[in-house]
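On a predicted model such as this, the values are computed, not experimentally measured, just so you know. Proteins come first, then strands; the chains are lettered A, B, ... in the order of their sequence lines, and each starts at number 1.
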Amino acid sequence: MEYDFQNIEAKWQKYWADHKTFAAKEDHSLPKHYSLSMFPYPSGAGLHVGHPLGYIASCIYARYKKLKGFNVLHPMGYDSFGLPAEQYAIQTGQHPAITTEQNIKRYREQLDKLGFSFDWDREVRTSDPSYYKWTQWIFKQLYKSWYNKESDKAEAIETLIEKFEKGGNKGVQAATDQKETFTAEEWKGFSEKEQQKILMNYRLTFLADSWVNWCPALGTVLANDEIKDGVSERGGHPVEQKLMRQWSMRITAYAERLLNDLETIDWTDSIKDQQRNWIGKSVGASVLFKIAEQEGVIEIFTTRPDTIFGASFMVLAPEHELVDSITAPEYKELVAEYKRQAGLKTERDRQSDVKNITGQFTGAFALHPFTGEKIPIWIADYVLTGYGTGAVMAVPCGDQRDWDFAKHFDLPIPNIFKDVDVSEGAYDDKDNAVITHSDFLNDLPAKKAIKTAIHEIEKRGIGKGQTNYRLRDAVFSRQRYWGEPFPVYYKDDIPYLIEDDQLPVTLPEVDKYLPTEDGEPPLARAPKDAWDVKFDGDRMEYNTMPGWAGSSWYFLRYMDPHNEKAFVSKEKADYWNQVDLYIGGSEHATGHLLYARFWTKFLFDMGYISFNEPFKKMINQGMILGNSAFVHEVYHNSKLSNPCYVSRDLIDLPPHESEWMDSVNSFFLKQGLNHDEIKELKGRNIPVDVSILKGETSLDIDMLRSWRKEFENALFIENKNGDFHALREIEKMSKSKFNVQTPDELVEKFGADTLRCYEMFLGPLEQSKPWDTQGINGVHNFLRKFWRLFHNEENEFEVTDGDADKKSLKTLHKTIKKVTEDLDRFSFNTGVSNFMIAANELTDQKCNNRSVLKELVILLSPYAPHIAEELWQKLGEKESVTKAQWPIFNEEYLVEAEFAYPVSFNGKMRFKLELPTSMSKEDVEKEVLSADEAQKWLEGKTPKKVIVVPGRIVNVVV
RNA sequence: GCGGGUGUGGUGAAAUUGGUAGACACGCUAGACUUAGGAUCUAGUGCCGAGAGGUGUGUGGGUUCGAGUCCCUCCACCCGCACCA
């Protein structure tokens, strides 16, 4: 029987489903293993070949761990709330739940065809009320908690109230926005409303008026990580700053732990660095500068308090709250104009306009806190409102931006560095600087001076040592329909939580998925009684949660997906513990991965789970890129005309060979263009569907004509051989480039086992690589070759019993060793190569020995599970191959009596010499030197030195 | 500018602790078989050279008996961050 992958794969997929082969059960007698791939957003386009890459890897690893005796958890689910389904709903009126359901169904069909070892009984969907009930519940816990910096963990808000009642907020070490202090008595005297307002400044999720990134096109606010290059990550729409009342997450409370605990996890340096950068810790001091001749102080933050004597002016952000009050009357207009100009610039302009130095003097002066000297106060947009205090002490000799600014506006640049010239630029070398002209800091190296300066600043009460983070609290509200509703209602504009027994708060029906006329989110369209909860208030919260809410804890739900009493039971969370291997794209570096860590730490603090990092090891799979095809179009800007397409290879011909131009010109002349207009013809590349290609760049013009209207009556100019060529380019797979490759047709043509092996065979998992189906035949042939090892020439199953040949045993054990080692270091591509080598060798040896093949089937089963099950059954086994034991490597089979030593002269390999492996170094040396071939290379000389590495190499130095 | 990563045949790549560079596959060439099919099989295939041989892992240098691998220099490309005080 030929290798009939279609029947085999259908058969075993059914078997696994019927027997619940991959159902995970808590079994404390076995070590556990948790493999996880990032769950997908089920988009309308379905899976393309890039999606399964990570799933295949985690599936292979999960299957391997199972064979190694681990109790394995390998689940899958859907991140099913999100913008595309809602955008579609807005266009069509179709409820996003329906679209989402359809998309999930399609995803599931595609996934099922690939033979994954997912435990589907544990599937989660973030948009399922039974799931988001717990997302809402976790939100409530965050609301009911505050961050105690003393114990360095989150605590119940009651412990904070207790502190307030005992001694006010003065001694309370908390992560908070609260600035005003109050006594115990004052606290007790506050009204309920006032108390709630204060507590809001401490809660881990809180409602506040904050500057948010508003995206008008999407009609919602966006988190910082959802913005790339000043525009929305999804859709590329402009984003503006807007003051809005929003829910936020006090992730900044965890900044230090999020930073430090990176040391405890096995992730790539790149992701860790991105997170460090995002958190952006800087250590320094905050210092108060008094304003001359008026009330008020300016607080600045600096990482270089050692350079304070070099401060010769101050710069405030144009939006700084003190700007208007300090500006001298004669500068009012200039300052107002500068502020106006700065306000006009979008975030993007401001970023791209870095080189332009602008600023405006306010006419006010500050007093240097040590020298008492008057220094001018400027405003400039190189100082950002959002970082530190929005004000800096400018030290032009030590900071290049300050230096540039000083030069530009002709401000003094006093030098406080010993033996350093600052006339050409600032000196920012913290390691080698020695301070001078700085009173008590004189002759101190910078690092020591920083400490001394902070000490002195604190002693004089003009500031304090301080650590700043770039990390901002995360905006948690979205003005959208298709997300988790908040378990919150309002009474007198005060938010209250919906009781636990009312959860989940499900999404109410609305007539449209658009904002209301007065700009309220779509949920405001739902009348009060459309909500399925009872609440004693004016209205429900109209915002929904962002996409990252559900994905911040889904890995926990898999452990206990049907629990109705808790988001996960403590017992199950203790058993499955951290995700041992997490595979997914690196694009989530500062979003999902940071938020999931944050929630994990919170749930750990509250005692619900006993680990504080979610993902112990992570691998970021590379992208699979598409190979787009473009046709070269010649067109005219203004006139409506049929376009014309030119074979790509003609474009670059020298002018005298470009007769094709004439055809183009007459084509357009016929359409009514005049000779001047012909000169205005332009060329551009239009993407076309890659399936229209025949071969590398050749296009089928007839197919192209029938593919799209614009090609139907177009002129195609072929080359001399009558071919029409396209331009190829490697880029991200996307619908608009028509370069998306789905796994479906490949599974149809070659089978899932082939696709699984091929995706692994392409190269290292982490690397991005272009998709190219040319090589898939080679992998398919290997599986057929493997199949033939078990079959005779008539294609009948035939294996021999008894002892295996020594050579075959060597092949087997070499393969066991390599495949095992490769899996242990996640080198999935070399694994496939090793199977190919084994199949080639055993074919040569004509080996069909049962004991050898049996072990080989087990080895192959994680990669190609269907064919492995089939052959396993043919070998007479009753149980699934997934229940087998991973073969044990035995070194003895690899021991050889002879070894062909490569003999080098001066490091260059010249010939090989077969010698017994047991031979001593001295004897090897003798044998080598007396060999016939050695004479030629010795040229009669005596060797200076002979290096013999037994069993490896001989090197003769002449 | 800063941080991370990658540079090896025509292509995807391998070489785990420094020890035969290019395994395995694609492609290509030649041949065999066949009622030419993008099937199968055999042989070859880094480059230069008829051969002996020379040369070769982005560049230049260094350490070493020996370097794709370790150290320094420079270059190219990809990703992330970017007036962060």
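Considering only residues two or more places apart in sequence or on other chains, A:F899 meets the ring pair (Phe, Tyr, Trp, His ring centres under 6.0 Å) condition with A:Y901. Partners of A:S768 by side chain to side chain donor-acceptor pair (under 3.5 Å), not counting sequence neighbours: none found. In this structure, A:W278 has no ring pair (Phe, Tyr, Trp, His ring centres under 6.0 Å) partners at least two apart in sequence or on a different chain. Residues passing the ring pair (Phe, Tyr, Trp, His ring centres under 6.0 Å) test with A:F301: none are found, sequence neighbours excluded. Annotation: side chain to side chain contact (heavy atoms under 4.5 Å, CB included) contacts of A:L727 (sequence neighbours excluded): A:F630, A:R648, A:N685, A:E729. Residues passing the salt bridge (Lys or Arg N to Asp or Glu O under 4.0 Å) test with A:E424: none are found, sequence neighbours excluded. Residues forming a side chain to side chain donor-acceptor pair (under 3.5 Å) with A:Q275 (at least two apart in sequence, or on another chain): A:R597. Looking at residues two or more places apart in sequence or on another chain, you find no ring pair (Phe, Tyr, Trp, His ring centres under 6.0 Å) involving A:H320.
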Please list each protein N or O that sits under 3.5 Å from an N or O in nucleotides 65-71 of chain B, with the distance.
residue	atom	partner	partner atom	Å
B:C65	O2'	A:N955	ND2	3.1
B:C65	O2	A:N955	ND2	2.7

| remark: Quick tally for nucleotides 3-15 of chain B: nucleotides whose base has a protein heavy atom under 4.0 Å get B, sugar-phosphate-only ones S, the rest -, giving SS-------BSSS
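Ion pairing of A:D273 with A:R276 is present here, as a side-chain N (NZ or NE/NH1/NH2) and a carboxylate O approach within less than 4.0 Å.
In terms of phosphate contacts, A:R472 brings no side-chain nitrogen or oxygen within less than 4.0 Å of OP1 or OP2 of B:C84. The side chain of A:R401 places an N or O atom within less than 4.0 Å of a non-bridging phosphate oxygen (OP1 or OP2) of B:C84. Between A:R470 and B:A82 there is a side-chain polar atom (N or O) within less than 4.0 angstrom of OP1 or OP2.
Toward the 5′ end of RNA chain B lies the nearest nucleotide of A:K912, the other residue of the pair A:K912 and A:D402 mapping further downstream.
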| query | Where does RNA chain B pair, written as one dot-bracket string 5' to 3', with Watson-Crick or G-U pairs under 3.5 Å, ( ) inside the strand, [ ] for crossing pairs and | for another strand? | reply | (((((((..(((......[....)))((((((.......))))))(((....)))..(.(((..]....))).))))))))....
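Rounded to whole Å, atom C1' of B:C81 lies 14 Å from atom CZ of A:R276. At whole-Å resolution of the value, CE in A:M909 and C1' in B:G53 are 14 Å apart.
For residues 820-840 of chain A, the pairs satisfying salt bridge (Lys or Arg N to Asp or Glu O under 4.0 Å) are A:K817-A:E821, A:D822-A:R825, with sequence neighbours left out.
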